[in-house]
2 protein chains.
Amino acid sequence: MATIEDVAREAGVSISTVSYALSGKRRISDDTRRRVEAAAAHLHYAPRASARALAANRSEIIAVTAPRHADTDASAHMAFAMEVTIAARAHDYDTLLLVQDDALSGMKRSANSALADGIIVLDVAAHDERAQLARTITCPTVFIGVPDDTEGLVCVDLDFEASIRLSIDTLIGQGHTRLALIGHTQETLAREPNYPLRIQREFARHARARGVEFAIVNPETDDAGEALSTLFAHQPGTTGLVLSTSNPVATSLSAALSDRGLAVPGDVSVIAAGMTPLLSRTPLPFDALPLDPALTCPIAVEILVGLIAGRRPSSAVTLVPPVYQSRGTVAPASAPSNQAH
Amino acid sequence: MATIEDVAREAGVSISTVSYALSGKRRISDDTRRRVEAAAAHLHYAPRASARALAANRSEIIAVTAPRHADTDASAHMAFAMEVTIAARAHDYDTLLLVQDDALSGMKRSANSALADGIIVLDVAAHDERAQLARTITCPTVFIGVPDDTEGLVCVDLDFEASIRLSIDTLIGQGHTRLALIGHTQETLAREPNYPLRIQREFARHARARGVEFAIVNPETDDAGEALSTLFAHQPGTTGLVLSTSNPVATSLSAALSDRGLAVPGDVSVIAAGMTPLLSRTPLPFDALPLDPALTCPIAVEILVGLIAGRRPSSAVTLVPPVYQSRGTVAPASAPSNQAH
DNA sequence: TTGAAAGCGTTACCAT
DNA sequence: ATGGTAACGCTTTCAA
């Protein structure tokens, strides 16, 4: 491997000139710069990462801590890790992957040894041990997801509350007055009471504020059929469905609806809110306000890069506004064409 | 951040003594070693990764290049990346994740800048540009998967041929004489002619060698029902099914079989061969000889670590023998208890 | 516009 | 059993 000294010799200049010519941090005459570039190309020169990191006190590496919880969807998990990696590359950073047992210890290690310049925290739980750790280290850290206690943390997440309000408003705008939320399974709710619960609260709050009837169901199993039975027993005549649940439940919804003889959007309008589309699988066939990794990850990385450069974030928690994706599953509550005259 | 010099001062020894005491590369008296350890702990000392890498000429990082092809299953993709990461940690290596556009360029970069000590290549295609690159760099590289031309490469993969033979032998051992392989979809076969084709060849070869009737079907769609129709039209009375196909096809098989009134294993015995179990989803309910990342990745990492340490691998292509997992879907072809007397 | 040289924090060789 | 110190390859300050 060629070193900067080899390049300097070949170009007939000093090593500092090579360094400046290649980094562009100082003005170098065109002639000299070209000679340096030619020599570098000729020798296949690439700065040694470790030497550069030591001298510049920056590794150009971002650590990504991504443990896997019991109900983590592997596909979503990968999507987040990939989007972070892609976003990081756009800022010339590489990403170090920390998983499982090492998600916490690796975070400590990367910070203490200056292995990484910054840390992205994925798959954030309500009570996350990494939150406490983040407060004790000096290494800039950004959470994708919001733990219960955000004191001293920098977090990025979808604005779930807004996505719920927007879903309700959209349905009401189409004349629906009997709505329902199909929420997370009771199992998920028991383990992860933070954001699923916040969604349910906001749904109840906003539906009440808008003065419509509403119901909330939490499936016991991964099958939407059971949830629909419960729902229509409690609140017959529901015509607007907001979906914010696990992917298995959502996937089985279309079949469950048609089993009950309900057409979408003829009889029921459906919007999925705050759900993550699965990689390499057909997206849910519903109008959606998704928690898209491609939305939150680049923003999180951008903030992290800013922190590394010494820029304070404008706010501790950044809520990314949801983007509406239409797939034709929302229709007027009682379209004239659908009714007998 | 405390440096080695701080520790040396606090412990009242020289920095080389600190280095040796902590690395264990030289015998240090118990007393001194304890003082050094106490000082290091007290100051929360951790060697700076970049300094260590520069001096030792080793980064303790393995790059993982993992592009995503059209038919890559995100779940399997993540599983491999995770298993490599876990295996790497067991050898004190961290992993750098290289995806998409950067899978190739990142590989170049890691090698040229000595960012990584070694490279693991995932999601290997028959004609993989990374194969050619691997031959031009000096950075030790191990492929998980086998490209067409393995000249000069080190590869690790499941012994697919063995898993097919073992499947056939198991079914024949239970008295089945009419077998079928449900292979990959025609779409996959068109794009990736290497290992799916090898599987089909081995199936035909071995079934012929064992003197049994056999058929091979390649589904046109992701639905197993269509494949079964084709199969039973061509070869009625098939009682032994070997599954080596895409996960969607395999997932739909149970339902498709019961749609045809076929019980497993009463009427048909089923073995899945060379398929990758999906993370966080119930495994396929069939006897299996899986391509388990937990099987191949640790071996690949072990070989890579050996290469880094200068050990030549015993062979260029390591085929990992499949492990049989029984789930009760194989039964005798005509068990007395199943027949009328 | 360029060069010289002082670090950066380790490791590992050569002494003692 | 321990210490001194060159070397690793780069960045960046200070000089010219």
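Note that the coordinates shown come from a computational prediction; the quantities given were computed from them, not determined experimentally. To find a chain, count down the sequence lines: A is the first, B the second, and so on, and within it residues start at 1.
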- Expected string for nucleotides 9-16 of chain C under the B/S/- scheme (protein heavy atoms, under 4.0 Å, primed atoms plus P, OP1, OP2 as sugar-phosphate) is BBSBBB--

- Task: Specify the residues of residues 34-41 of chain B, ordered by number, for which at least one heavy atom lies under 4.0 angstrom from an atom of DNA chain C.
- Result: none

- Message: Need the bend value for the helix from C/dT1-D/dA16 to C/dT16-D/dA1: angle between end axes, 5 pairs each end, nearest 10°.
- Response: 40°

- Message: So, taking the atom named OG1 in B/Thr65 and the one named CG in B/Leu96, what distance separates them when rounded to the nearest 0.5 Å?
- Response: 11.0 Å

- B/Asp31 has an atom CG; how far is it from atom P of D/dA1, in whole Å? 13 Å

- Query: Under 4.0 Å between a Lys/Arg side-chain N and an Asp/Glu carboxylate O for A/Asp149 and A/Arg135?
  - Reply: yes

- Let me see the working for A/Asp292 and A/Val323 under side chain to side chain contact (heavy atoms under 4.5 Å, CB included), right down to the final yes or no. CA-CA 9 Å; A/Asp292 190 341; A/Val323 175; over 6 Å; no

- When rounded to whole Å, the CG to C1' distance for the pair A/Asp30 and C/dT1 reads 12 Å

- Task: Decide salt bridge (charged side-chain N to carboxylate O under 4.0 Å, His left out) for B/Arg89 and A/Asp101; before the verdict, give the C-alpha distance in whole Å, the side-chain angles of both, and the deciding distance to 0.1 Å.
- Result: CA-CA 10 Å; B/Arg89 281 304 307 149; A/Asp101 299 341; over 6 Å; no

- Which atom of A/Leu122 lies closest to which atom of A/Arg130, heavy atoms considered: O-NH2, 2.8 Å

- Which is it for A/His127 and A/Asp148 under the side chain to side chain contact (heavy atoms under 4.5 Å, CB included) test, yes or no, and what are the steps along the way? CA-CA 6 Å; A/His127 296 286; A/Asp148 270 354; 3.4 Å; yes

- Message: To the nearest 0.5 Å, what is the distance between CG on A/Leu158 and CD1 on A/Ile144?
- Response: 12.0 Å

- Would you say the side chains of A/His69 and A/Asp123 form a donor-acceptor pair under 3.5 Å? yes

- Message: Taking only side-chain N and O atoms of B/Thr17, does any of them lie within less than 4.0 angstrom of OP1 or OP2 on D/dT2?
- Response: no

- Message: Whether A/Ser29 contacts C/dT1 is assessed here as follows: a side-chain N or O lying under 4.0 Å from the phosphate OP1 or OP2. Is that the case?
- Response: no

- Item | Distance in angstrom units between A/Ile28 CD1 and D/dT11 P, rounded | 13 Å

- Interatomic distance, A/Asn57 CG vs C/dA6 P [rounded to whole Å]: 21 Å

- Distance col, row A/Leu304:CG vs A/Tyr93:OH, nearest 0.5 angstrom, shows 7.5 Å

- Nearest heavy-atom neighbours spanning B/Ala40 and B/Val7: N-CG1, 3.9 Å

